[in-house]
Amino acid sequence: MSDIRTIDCEEALRRLFEYLDAELHGEAQREMEQHLEHCRSCFSRVEFERRLKAYTAELRREPVAPGFEQRIRGLIDTFKR
Amino acid sequence: MPVHVIAAARSEADRAWFERSIVELLSDLFGTALRLTRNRADAEDLVADAVAQAWTHLDDLADRAHVRGWLFRILTNAFLSARRTRARRGVHESLDCEGEDEFSLFEQLHAPILLWWGTPEQEFLNRLLREDLTRAVDELPEAFRLVVVLADMQGYSYQDIAATLQVPIGTVRSRLARARALLQKALWVHAQEAGLVGRKQLKATTEHE
């Protein structure tokens, strides 16, 4: 279908984070994707925010202190009794 | 009911599966707990608390394939409930913070005053250190840190965040926007202080050449 409404950069930037957070659906998402196919500037911005979001996501993983896994295994061990 | 009484009804296979799942996810659980509490000892206690609660409520987990999301939900709720207790004891942390909603690191990096070669935003990200980002996230006021943890680290939908934090979805949107602006501004300020961006750094480079 080619009757997707054209959105401008201002509108695309307004929807930017909702797009990256997978909160855009249906028509709104298609309009955004179509804009990004044609606008290099907004595409670069989206890629930047996407990478920054991905880096932030990596902060959820943190090496644990050596004794901590033992502490948790010890705790789970008490569930036996 | 004490944990060990409930546990009596469960098999050794259940316990072994539970232990495997927890150990597999331990660095994720700990990392999330650390972002929430900002303190290693508190983060360890939070994870231990969540593990004990998870075992107590194991029967609530209908499909074991969903153990990950279920554990993180328990962890987040354990943190929020401890936070509410603190609030009742009079330890208040501000939910609001003055600041702008629309700071864009990307736009700063593209300011014509900076003489970058190639693509400035990619250069910036290539030089960005995990510790810089960690510090920027940890320095966010709690209400903003929470939405970043839930949206960016746990991948919650806005609706799920609203339900978890018991706030309207509009509040989730505005807090996320504010959180991102604060985060990007902190990264920008740090990058300038570290000489990663700005005319000063370019001048220094030129002088050494």
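So that the names make sense, note that chain A is the first sequence line, chain B the second, and so on, each numbered from 1. Every value quoted in this text rests on a predicted model; they were computed, and no experiment measured them.
With a 4.5 angstrom heavy-atom cutoff, B:I22 touches chain A only via side-chain atoms. Contacts between A:A54 and chain B at a heavy-atom distance below 4.5 Å are absent for every atom of the residue. Heavy atoms closer than 4.5 Å to chain B are found in the side chain of A:E23, but not in its backbone. Residue contact with chain A, scored on non-hydrogen atoms closer than 4.5 Å, involves the backbone and the side chain of B:L133 alike. Heavy atoms closer than 4.5 Å to chain B are found in the side chain of A:L75, but not in its backbone. Contacts of B:L25 with chain A are absent, with no heavy-atom separation under 4.5 Å from either backbone or side chain. When heavy atoms are compared at a cutoff of 4.5 Å, A:I72 approaches chain B solely by way of its side chain, counted from C-beta outward.
With contacts defined as side-chain heavy-atom distances shorter than 4.5 Å, the pair A:F48/B:L109 qualifies. The shortest side-chain heavy-atom distance between B:L176 and A:F17 does not fall under the 4.5 Å cut-off. When side chains are defined from C-beta on, A:L52 counts as touching B:L128, because their heavy atoms get closer than 4.5 Å.
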Start with the C-alpha gap between A:E62 and B:R35, add the side-chain angles, then the distance that decides, and say whether side chain to side chain contact (heavy atoms under 4.5 Å, CB included) holds. CA-CA 10 Å; A:E62 193 83 42; B:R35 295 284 80 75; 3.0 Å; yes
Residues A:E47, B:Q122; criterion side chain to side chain contact (heavy atoms under 4.5 Å, CB included); working and verdict: CA-CA 9 Å; A:E47 284 313 298; B:Q122 284 181 23; over 6 Å; no
Go through it in stages, so that I can follow the logic: the residues are A:K53 and B:M153, the test is side chain to side chain contact (heavy atoms under 4.5 Å, CB included), and I'd like the CA-CA distance, side-chain angles, deciding distance and then a yes or no. CA-CA 8 Å; A:K53 184 175 158 81; B:M153 298 181 204; over 6 Å; no
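Looking only at distances, no side-chain donor or acceptor of A:R60 sits under 3.5 Å from a matching main-chain atom of B:V149. Between the side chain of B:R130 and the main chain of A:E58, a donor-acceptor pair closer than 3.5 Å is present.
Applying the side chain to side chain donor-acceptor pair (under 3.5 Å) definition to pairs two or more places apart or across chains, those involving residues 64-76 of chain B are B:D14-B:R64, B:D28-B:R68.
From A:S41, atom OG reaches atom CZ of B:F106 across 6.0 Å, with rounding to the nearest 0.5 Å. With rounding to the nearest 0.5 Å, the separation of OG1 in B:T134 from OH in A:Y55 is 13.0 Å. Atom CZ of residue A:R71 and atom CG of residue B:L26 lie 10.5 Å apart, to the nearest 0.5 angstrom.
Across B:V148, B:L183, B:L187, B:L125, the residue that shares the most heavy-atom pairs under 4.5 angstrom with chain A is B:L125. Note on B:R40, B:E19, B:E44: by heavy-atom pairs under 4.5 Å with chain A, the leading option is B:E44. Chain B forms more heavy-atom pairs under 4.5 Å with one residue of A:R61, A:E69, A:E18 than with any other, namely A:R61. For the options B:D45, B:L34, B:L29, heavy-atom pairs under 4.5 Å to chain A are most numerous at B:D45.
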Would you be so kind as to tabulate the donor-acceptor pairs closer than 3.5 Å made by side chains of residues 157-165 of chain B, with sequence neighbours excluded?
from	atom 1	to	atom 2	distance (Å)
B:S157	OG	B:D160	N	3.1
B:Y158	OH	A:D21	OD2	2.4
B:T164	OG1	B:D160	O	2.7

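Counting non-hydrogen atoms of other residues, nucleotides and ligands closer than 6.0 Å to CD of B:E24 gives a total of 12 or fewer. Within a 6.0 Å sphere centred on CD of B:E12, heavy atoms belonging to other residues, nucleotides or ligands number more than 12.
The two residues B:N126 and A:R51 make their nearest non-hydrogen contact at OD1-NH2, 2.9 Å. A:R73 and B:V23 make their closest contact through NH2-CG1, 3.5 Å (heavy atoms, listed as atom of the first residue, atom of the second, distance).
Taking the six-membered ring for Trp and thresholds of 30 and 60 degrees, A:F68 and B:F30 have ring planes inclined between 30 and 60 degrees apart.
The residues B:E121 and A:R45 are annotated as not salt-bridged, no charged nitrogen and carboxylate oxygen being separated by less than 4.0 angstrom.
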